[in-house]
J.: 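Dropping a structure here in structure tokens format, bear with me for questions.
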Amino acid sequence: MQADAELEVSIDIPEHRKLQVTQGTPDRIFRYIITTGAYFSLAVLAMIAGFLLYRGFQIFSDFGLGFITGAKWDAGSGDETAPAVFGVAAMLVGSLVIAIMAIAIALPFAVISALFLEYYAPLAIRRFLISILDLVAAIPSVIYGIWGYAILMPHVVGWSKSLNSWFGWFPLFDVPAPIFDRSPFVAGVLLALMVLPITTSVAREVYSQAPRDQIDAAYGLGATKWGALRTVVLPFGKSGLIGGAMLGLGRALGETIAVYLVLNLVFKINLQVLASAGGNVASMIATRFGEAGPYELRALMAAGLVLFLLTLVVNALATLIVNRSKVQ
Amino acid sequence: MTLSLVGTVRRGSFFHNIDLRVERGEVFGIVGRNGAGKSTLLHTIAGLIGLSDGELSVNGTVWDNPSSHTWLEPGERSCGVVFQDLRLFPRMTVMQNISFGLRSRGIAQHEATDRATVMMQSVGLDVSYSSRNVQQLSGGERQRVALARALVLQPEVLLLDEPFTGVDQHSLGGLRNLLKEVVAEFSGYVVLVSHNQTDIETISSRTLMIQ
């Protein structure tokens with residue numbers, strides 16, 4: 001036997017087997033149905049955007065970027081002496097300010113409510129509260145608006161006065177005149193109540209899926225209930241909570257009639273949330289729609305398109321944030 | 001001084017009438033097929049499941065007795081648990097996992113970190129692993145983290161649930177030796193659960209078979 005004999009090893013590596021899956025008729029039918037459904041939703045979205053673009057295109061070509069950056073909205077007199085000027089900046093800023101305020105107010109309550117419902121409430125009370133929550137989510141906006149105007153606003157005006165007297169040095173809580181009703185803050189608080197049920201509902205759903213074995217592990221290591229929730233449930237539900245908040249933000253951005261009832265429509269960029277001036281795109285469209293001439297109607301369609309795109313951007317951002325937090 | 005559990009442990013469709021007495025310094029093995037209720041027994045001692053009837057006491061202190069409504073919360077029981085599936089907190093680092101129990105018991109951050117660091121070295125984990133996320137570790141390393149997390153609490157009762165599950169053959173020998181050393185030095189009560197008769201025989205002094 002030679003010590004330096006070469007060892008030849010020959011291994012036949014078989015080629016990957018190609019699997020061919022033959023779909024049966026029921027599979028194919030189901031596939032067609034769900035594919036059609038998915039494309040139909042996209043087609044509806046595209047048609048809405050196309051319609052708004054078609055109807056509002058003249059405004060974009062007349063005003064260009066000025067339509068987005070300008071705050072003035074004046075239908076003019078119809079002749080050259082007082083030409084029409086349209087810009088949605090004030091309403092866009094108003095939409096964002098009110099919606100962000102609503103989410104900022106609603107989110108902590110949503111988290112607390114969801115944790116209570118899922119981990120503290122006795123079963124009978126939990127079921128009752130969940131049905132109440134679902135019921136509250138179904139109340140029409142106009143009811144919220146009327147209730148907000150008649151019942152909520154007087155209280156919020158009191159809170160606004162207090163905020164202004166304590167924190168008036170901060171530009172956000174300063175006011176040009178001591179009038180506190182029909183302000184973005186009132187609209188923000190009302191919208192917070194409106195988005196609370198859906199945000200709580202999503203948060204509760206997410207928290208209910210937190211891994212039970214890890215909660216047990218936390219208990220086993222000596223954690224209190226709050227410690228276990230803080231360690232396991234809250235980090236687990238982070239991405240879902242963001243998703244829920246964004247869902248609420250979407251509703252808040254597009255809310256029309258409730259905002260219309262509790263907010264003074266003023267075409268001026270206003271970041272003083274306690275001041276009695278503001279507006280959002282949706283309520284502005286509702287306010288102006290009835291008396292608009294053909295040219296202003298086009299401007300309202302263009303404003304609708306801008307709001308539509310803003311909502312899409314917010315939702316895209318939400319998806320991005322949710323995906324990122326899932327990876328982490 | 002004994003750990004005594006006399007009563008009924010019930011979960012789902014099975015229940016066991018248990019009469020279990022463990023002496024201090026003893027390693028008590030529980031063996032049985034999968035699904036026999038071995039883990040449930042450990043969870044009952046740890047306070048994650050309540051007894052249906054009977055009494056669980058350690059050193060004469062009653063931890064659980066349904067008839068007298070005595071119930072000690074898991075955090076008040078001096079238990080360290082190594083769970084079968086480890087149950088490390090996936091969003092936390094090695095250090096955060098090991099010091100979690102100490103922090104939950106109100107130990108200051110710096111003291112918890114010091115004690116966790118010492119424990120890491122005791123179980124053969126390099127201190128440089130402190131800031132690593134537990135998801136980046138191998139099966140054997142994760143097992144060591146779980147062991148350190150239980151031991152750092154300096155518990156009276158150490159509960160080991162299938163401590164070699166998910167460990168690759170390469171790490172198994174080292175981990176087995178480590179566990180032998182740990183239980184030999186441990187002065188409290190050790191209850192070890194396994195479906196592997198060999199593990200039980202090599203480490204524990206007495207064995208209970210659950211059918």
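Since the structure is predicted, the reported quantities are computational estimates derived from the model, not experimental observations. These values consider heavy atoms only, across backbone and side chains, with no hydrogens, waters or symmetry-generated copies. So that the names make sense, note that chain A is the first sequence line, chain B the second, and so on, each numbered from 1.
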J.: Is A:R212 salt-bridged to A:D216, cutoff N-O under 4.0 Å?
T.: yes
J.: Does a salt bridge link B:E156 with B:R77, judged by any charged N lying under 4.0 Å from a carboxylate O?
T.: no
J.: Would you please name every residue forming a side-chain contact (heavy atoms from CB on, under 4.5 Å) with A:I112, sequence neighbours left out?
T.: none
J.: Under 4.5 Å from any heavy atom of chain A, what part of B:L159 do you find: side chain, backbone, both or neither?
T.: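 Answer is neither: B:L159 stays 4.5 Å or more from chain A.
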J.: Does any heavy atom of chain B fall under 4.5 Å from the side chain of A:A218, the backbone, both, or neither of them?
T.: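 The answer is both parts of A:A218.
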J.: What part of B:R149 is in contact with chain A, defined as an atom under 4.5 angstrom from a non-hydrogen atom: side chain, backbone, both or neither?
T.: both
J.: Name the orientation class of the two ring planes belonging to B:F83 and B:H43 (parallel below 30°, tilted from 30 to 60°, perpendicular beyond 60°).
T.: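 The arrangement is perpendicular - the two ring planes meet at more than 60°.
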